[in-house]
**Student:** 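For reference, the structure I am asking about is given below.
Chain letters run A, B, ... following the sequence lines, proteins first and then strands; every chain starts at 1.
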Amino acid sequence: MIIAIASGKGGTGKTTVATNFALSLKGGVQFLDCDVEEPNAHIFIKPHITDKKEVFIPVPEIDESFCNACGRCKEVCAYNAIAVLGQKALVFQELCHGCGSCSYFCPQEAIHEVHKVIGHVERGNNRGLDFVHGILKIGEPMAPPLIKAVKRYVNSSKVTVIDAPPGTSCPVIAAIKDSDFVILVTEPTPFGLHDFKLAVEVVKKLTIPFGAIINRSDLGNQATEAYCKKEEIPILMRIPFQKQIASAYSRGELLIDLFPGYRQRFHRLFEDIKNSI
Amino acid sequence: MKICVTSQGNTLESQVDPRFGRCQYFMIIDTDTLEFTGLPNPNIDGMGGVGVKSGQLMADHGVKVVLTGNVGPNAFQTLQAAGIEVISGVSGKVNEVVNDYKQGRFGVAREPNVDSKFGMN
């Protein structure tokens with residue numbers, strides 16, 4: 001079973017929920033930090049890293065002695081990663097998604113693919129939890145291939161908890177796709193609600209069952225609660241604001257260590273989710 | 001000689017569009033006859049690589065000089081590779097810009113003046 005934690009708005013408490021939730025479950029749990037642009041779950045889980053692997057995408061390399069500048073490559077490239085100017089094809093590697101169309105369609109067979117490293121995946125464990133995260137290379141704009149590389153470690157015999165990136169664009173889709181349930185973490189503020197609505201639309205479009213956790217639930221206003229009620233979105237948990245939680249977070253400490261009662265709450269949440277799907 | 005001024009409208013009276021890749025129109029103008037074609041930009045809503053695509057379009061139309069407000073890194077590299085001169089930081093009406101260009105009032109840009117995705121907003 002795969003449970004993804006997403007949010008729309010950043011900073012609502014995704015990682016807090018994901019790490020504490022995963023560590024509250026017993027046996028056979030793996031944690032995948034798919035927020036590869038800014039992974040931070042390791043700060044809380046503190047895994048002992050056991051192996052590290054580079055992740056690359058194929059990008060075109062053009063053999064100029066075979067290229068006759070026919071322009072077929074730039075026509076088939078959906079990402080505008082190739083320009084053909086005069087007698088020369090110019091490749092913009094950072095725009096390339098590695099789809100392989102250019103080399104496939106090149107009538108001169110002048111294009112072959114080379115590996116471009118976009119980041120790496122690290123694996124480890126702590127407290128009986130298997131841990132995997134992806135770290136995107138600084139300056140590299142292409143997160144989805146690395147997220148997919150992290151998700152290759154999904155073990156269907158385990159409970160998989162995915163920490164998704166914020167937002168509602170491609171990296172989020174790549175992270176939450178194929179999940180059995182999505183927990184959307186939000187906060188009861190106008191910004192929180194605005195982005196929560198966008199995230200709800202995405203999850204609905206992907207037809208994944210979902211529910212909401214309202215973090216800092218006693219701050220802000222009632223509009224998020226009202227929206228959930230109107231849209232019949234189950235509110236799975238409310239986490240009231242407490243200064244101790246914020247300061248523990250800032251030290252890289254876990255909510256379940258600070259307030260052990262949360263361990264039972266997260267465990268119950270898991271049982272509820274399991275029974276609902 | 002063919003030059004291109006990025007424009008917000010389809011006339012020589014229109015204002016220069018400060019974006020290159022995502023401008024409204026490419027005004028392709030013959031500096032000798034002042035004959036022009038207002039080319040609606042097919043790349044205006046592109047997801048990415050718009051600078052490359054618009055640069056390619058300039059090369060395909062045989063443009064020798066591009067006058068615009070802002071040029072990002074990919075557009076700049078494409079235009080450079082195509083041997084097209086870039087004049088950035090240009091504003092005002094298209095016909096005034098053409099006039100100023102013909103009087104030699106502009107210097108050629110040596111580098112992009114904005115980052116990628118600058119024209120998205």
**Student:** B/Asn74, B/Val50, B/Ile84: which one forms the most heavy-atom pairs within less than 4.5 Å of chain A?
**Tutor:**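 Sorted descending by pairs with chain A, the first entry is B/Asn74.
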**Student:** Could you go through A/Lys74 and B/Val52, starting from their C-alpha distance and side-chain angles, then the distance that decides it, and tell me whether this counts as side-chain contact (heavy atoms from CB on, under 4.5 Å)?
**Tutor:** CA-CA 10 Å; A/Lys74 72 155 161 75; B/Val52 176; over 6 Å; no
**Student:** Using a cut-off of 6.0 Å, state whether more than 12 heavy atoms not belonging to A/Lys116 lie near its atom NZ.
**Tutor:**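 Above 12, so yes.
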**Student:** Does OH in A/Tyr227 sit with more than 12 non-hydrogen atoms of other residues, nucleotides or ligands closer than 6.0 Å?
**Tutor:**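 For A/Tyr227, atom OH is crowded (more than 12 foreign heavy atoms under 6.0 Å).
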**Student:** Applying a heavy-atom distance below 4.5 Å, give me the residues of residues 54-64 of chain B that approach chain A, sorted by number.
**Tutor:**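 From residues 54-64 of chain B, the residues near chain A are B/Gln56, B/Ala59, B/Asp60.
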**Student:** Flag yes if more than 12 heavy atoms outside A/Lys204 fall under 6.0 Å of its NZ atom; otherwise flag no.
**Tutor:**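 Yes, NZ of A/Lys204 has more than 12 neighbouring heavy atoms, counting only those of other groups under 6.0 Å.
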**Student:** Tell me, yes or no, whether the heavy-atom count around B/Gln103 atom CD, taken from other residues, nucleotides or ligands under 6.0 Å, exceeds 12.
**Tutor:**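 It does: B/Gln103 CD has more than 12 such atoms within range.
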**Student:** May I ask you to check whether over 12 heavy atoms, not counting those of A/Glu231, lie within 6.0 Å of atom CD?
**Tutor:**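 It does: A/Glu231 CD has more than 12 such atoms within range.
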**Student:** Quick one: which residues of residues 40-49 of chain B reach chain A at under 4.5 angstrom, heavy atoms only?
**Tutor:**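 Heavy-atom contacts from residues 40-49 of chain B to chain A are B/Gly48, B/Gly49.
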**Student:** Does CD in A/Glu75 sit with more than 12 non-hydrogen atoms of other residues, nucleotides or ligands closer than 6.0 Å?
**Tutor:**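 Yes.
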**Student:** Of the backbone (N, CA, C, O) and the side chain (C-beta and beyond), which part of A/Tyr79 lies under 4.5 Å from a heavy atom of chain B, both, or neither?
**Tutor:**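 Interface part for A/Tyr79: backbone (N, CA, C, O).
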**Student:** For A/His194, is the NE2 atom crowded, meaning more than 12 foreign heavy atoms sit under 6.0 Å from it?
**Tutor:**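 No, NE2 of A/His194 has 12 or fewer neighbouring heavy atoms, counting only those of other groups under 6.0 Å.
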